[in-house]
Amino acid sequence: MRERAVLHVDMNCFYASVEMAERPELRGKPVIVGGDEEARHGIVLTASYPAKRRGVKTAMTLREARRVCPEAIIVPPRYDLYMRYSSIARRIYNQYTDLVEPFGLDEAWLDVTNSMHLAGGDAMLVAREISERMVTELGVTVSIGVSWNKIFAKFGSDYDKPDGLTQVTPQNACDIVWKAPVGDLLYVGRATKAKLNHMGIFSIGDLACADDDAVRRRLGKMGAVVQSFARGLDDSPVRPFEPGIGDIEHVVKGVGNGITTPFDLADAITARQVIWLMGESVAQRLRAQGLAARTICAYGRDFKTLEGRSRQTTLERPTQLTSEICKTAADLLCADWDFEGGARIRALGVRATNLVPADSAVQLDIFGQEEARLKELQLDRAIDSLRGRFGNHAVRRLSELSDERLADLDPQRDNVVHPVSFFA
């Protein structure tokens with residue numbers, strides 16, 4: 001059997017690179033793409049490499065970024081533009097293989113096992129050609145990893161940035177991958193890394209050679225997963241992507257919306273109002289994509305410690321109804337926060353996961369509630385239509401109008417979150 005040839009393409013400093021491609025006068029300068037400070041979204045989303053070399057980091061506050069890099073040029077994000085660049089990039093990828101799996105807007109895996117003969121029969125030649133085309137056709141650089149599996153291909157794209165090409169083979173994996181810190185492995189986050197370090201596991205090679213039972217006892221089921229990743233045993237396929245089909249069917253395993261509020265939420269009534277705004281936009285997107293959700297998750301972040309808390313529940317039947325999604329999310333959120341005891345929320349959000357087609361067969365209830373649900377769905381769709389024609393503020397809830405602090409929030413336009421997962 002022929003060994004797989006998998007590429008992972010990562011567009012370097014994506015948002016900043018797009019801004020520099022659109023505005024050549026920014027090239028070579030410390031560019032920061034950041035949110036709205038007045039709305040308390042003032043964090044660094046992406047920074048160019050000149051800015052990073054001066055100490056600017058993603059998620060740093062813009063105030064802190066200005067302190068470490070006073071000459072930084074800060075520009076607001078333009079998500080529609082970034083989505084357009086991402087779409088063009090994927091059209092380029094599809095000229096080399098029909099097996100393209102996006103991993104967010106700026107990353108994608110390509111399986112070129114059966115198509116690399118179109119570019120000389122060498123996966124590295126394919127990678128080099130794609131890299132050159134991205135610069136000439138889009139004006140952005142990419143880092144590309146080449147390997148026999150998705151995990152090591154992803155490692156390769158992170159290994160040499162910016163504008164790097166790295167091939168990880170069974171022959172050099174011990175020298176390249178195993179010597180790297182264990183935190184460089186996909187899905188070994190900060191908490192997992194700390195647990196592994198506590199066990200004396202500091203490199204990816206340490207993890208690969210560690211006792212299986214000890215890792216599983218410490219990390220649970222995920223321990224077996226990341227240990228198999230470290231050993232290069234990933235055989236997950238690159239899921240095909242068709243250019244004419246929306247990303248949600250290929251990438252997004254959940255539809256969500258979150259916001260850092262312009263003010264701290266100190267009572268349940270206001271928290272419910274904001275969570276309803278977020279949930280309503282989630283429901284609207286589900287209906288637009290013809291999807292329904294079985295699982296609803298609500299999360300909040302403490303105003304002082306920035307500690308996040310989340311709860312989720314699985315519904316008896318999948319839904320795309322605004323009221324069902326919003327009420328469930330609001331109940332989940334408020335059950336987790338003691339406002340009377342002084343709890344205050346700085347940021348919150350709603351996620352709808354475990355998605356199914358909206359027309360999937362379901363077991364009807366025996367109490368005749370389905371007719372009422374259908375009428376409610378018709379009302380939701382009528383509101384969607386009005387908002388589609390006249391803007392999201394064409395139809396608004398009384399709670400928005402009764403609190404002037406919520407007047408300018410437009411969750412359908414802003415704060416869009418599309419969670420992405422490696423796992424199917």
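Between the Thr270 side chain and the Asp267 main chain, no donor and acceptor come within less than 3.5 Å of each other. Side-chain atoms of Thr46 never come within 3.5 Å of backbone atoms of Cys13 as a donor-acceptor pair (strictly under, hydrogens ignored). Put simply, the side chain of Thr136 gets close to the backbone of Glu132: a donor and an acceptor are under 3.5 Å apart. With Arg67 contributing its side chain and Arg63 its backbone, the two residues share no donor-acceptor pair below 3.5 Å. Using modelled atom types, no side-chain atom of Glu101 and backbone atom of Trp109 make a donor-acceptor pair closer than 3.5 Å. The main-chain N or O of Ser236 is found under 3.5 Å from a side-chain atom of Asp234 such that the two form a donor-acceptor pair. A side-chain donor-acceptor contact under 3.5 Å links Trp178 to the backbone of Ala230.
Taking 4.5 Å as the limit, some side-chain heavy atom of Arg90 sits within range of a side-chain heavy atom of Ser86. Within the 4.5 Å cutoff, the side chain of Val146 has no heavy atoms near those of the Leu165 side chain. Looking at heavy atoms from C-beta onward, Glu3 lies in side-chain contact with Pro170 at the 4.5 angstrom threshold. Here the side chains of Asp80 and Arg78 are not in contact, with every heavy-atom distance at 4.5 Å or above. Taking the side chain as every heavy atom from C-beta outward, Lys154 and Ser157 approach each other to under 4.5 Å. With a 4.5 Å cut-off on side-chain heavy atoms, Leu105 and Met83 count as touching. In this structure, the side chains of Glu19 and Val33 come closer than 4.5 Å at one or more pairs of heavy atoms. Between Arg344 and Asp302 the shortest side-chain heavy-atom distance does not fall below 4.5 Å.
Summarising the local packing, NZ of Lys327 is surrounded by 12 or fewer heavy atoms from other residues, nucleotides or ligands at distances under 6.0 Å. In this structure, Glu316 places its CD atom where only 12 or fewer heavy-atom neighbours from other residues, nucleotides or ligands lie under 6.0 Å away. For Ile269, the CD1 atom is loosely surrounded, since the number of other residues' heavy atoms within 6.0 Å does not exceed 12.
Between Lys179 and Asp175, at least one side-chain N (NZ, or NE/NH1/NH2) sits under 4.0 Å from a carboxylate O, which counts as a salt bridge. Salt bridge Asp380/Arg287: present, at least one basic N to carboxylate O contact under 4.0 Å. Ion pairing between a basic and an acidic side chain is recognised when a charged N comes within 4.0 Å of a carboxylate O; Glu376 and Arg373 show no such pairing. With respect to the salt-bridge test (charged N to carboxylate O, under 4.0 angstrom), the residues Arg218 and Asp213 do not qualify. In this structure, Asp336 does not pair ionically with Arg309, as no charged nitrogen and carboxylate oxygen lie closer than 4.0 Å. The pair Lys29-Glu71 does not count as a salt bridge, with every side-chain nitrogen at least 4.0 angstrom from each carboxylate oxygen. We find that Asp111 and Lys150 are not joined by a salt bridge, their nearest charged nitrogen and carboxylate oxygen being 4.0 Å or further apart.
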Thr328 vs Leu315, side chain to side chain contact (heavy atoms under 4.5 Å, CB included): CA-CA, chis, key distance, verdict: CA-CA 9 Å; Thr328 301; Leu315 307 174; 4.0 Å; yes
Step-by-step side chain to side chain contact (heavy atoms under 4.5 Å, CB included) determination, Asn149 to Val6: CA-CA 6 Å; Asn149 65 67; Val6 178; 5.8 Å; no
Worked check of side chain to side chain contact (heavy atoms under 4.5 Å, CB included) between Glu22 and Leu81: CA-CA 10 Å; Glu22 291 287 310; Leu81 180 63; 3.6 Å; yes
Worked verdict on Ser281 versus Asn257 for side chain to side chain donor-acceptor pair (under 3.5 Å): CA-CA 7 Å; Ser281 73; Asn257 216 344; 2.4 Å; yes
Criterion side chain to side chain donor-acceptor pair (under 3.5 Å) on Arg133 and Tyr93, from CA distance to verdict: CA-CA 10 Å; Arg133 289 188 61 185; Tyr93 305 155; over 6 Å; no
Intermediate values then yes/no, side chain to side chain donor-acceptor pair (under 3.5 Å), Gln312 and Tyr299: CA-CA 9 Å; Gln312 69 178 40; Tyr299 59 90; over 6 Å; no
Side chain to side chain donor-acceptor pair (under 3.5 Å) between Asn12 and Ser17, intermediate numbers included: CA-CA 7 Å; Asn12 304 138; Ser17 294; over 6 Å; no
Audit row: Met11, Tyr85, side chain to side chain contact (heavy atoms under 4.5 Å, CB included) steps and yes/no: CA-CA 10 Å; Met11 289 187 270; Tyr85 268 69; 5.8 Å; no
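For the atom pair Leu207 CG and Ile201 CD1, the distance stands at 5.5 Å (nearest 0.5 Å). To the nearest 0.5 Å, the span separating CG on Asp163 from OG on Ser143 amounts to 6.5 Å. Here the straight-line distance linking atom CZ of Arg66 with atom OG1 of Thr61 works out to 9.0 Å at 0.5 Å rounding. In this structure, CG on Leu332 lies 8.5 Å from CD1 on Ile296, to the nearest 0.5 angstrom. The structure places CG of Asn354 at 11.5 Å from CG of Leu291, a figure rounded to the nearest 0.5 Å. One finds the CG atom of Leu7 at 10.0 Å from the OG atom of Ser147 (value rounded to the nearest 0.5 Å).
Each side chain to side chain donor-acceptor pair (under 3.5 Å) pair with one or both residues in residues 195-211, not counting sequence neighbours, appears once here: Ser203-Asp206.
When every heavy atom of Gly349 is checked against every heavy atom of Ile275, the shortest pair comes out as O-CD1, 3.6 Å. Shortest non-hydrogen contact noted between Pro102 and Val100 is CD-O, 3.6 Å. The nearest pair of heavy atoms linking Val215 to Ala210 is CG2-CB, 3.8 Å. Residues Thr169 and Trp148 come closest through the heavy atom pair C-CZ3, 3.3 Å. In terms of heavy-atom proximity, Ile130 sits nearest to Tyr96 at CG1-CE1, 3.7 Å. Closest approach of Val350 and Gly279 over heavy atoms only: CG2-N, 3.9 Å.
Tyr79 and Tyr15 have perpendicular rings, their planes meeting at more than 60° on a 0 to 90° scale where under 30° would count as parallel. Note: Phe339 and Trp337 have parallel aromatic rings, judged against thresholds of 30 and 60 degrees for the angle between ring planes.
Across Val177, Thr166, Val168, a single residue satisfies side-chain contact (heavy atoms from CB on, under 4.5 Å) together with Tyr159, and that is Thr166.
Applying the salt bridge (charged side-chain N to carboxylate O under 4.0 Å, His left out) criterion to Arg4, with sequence neighbours excluded, gives no partner residue.
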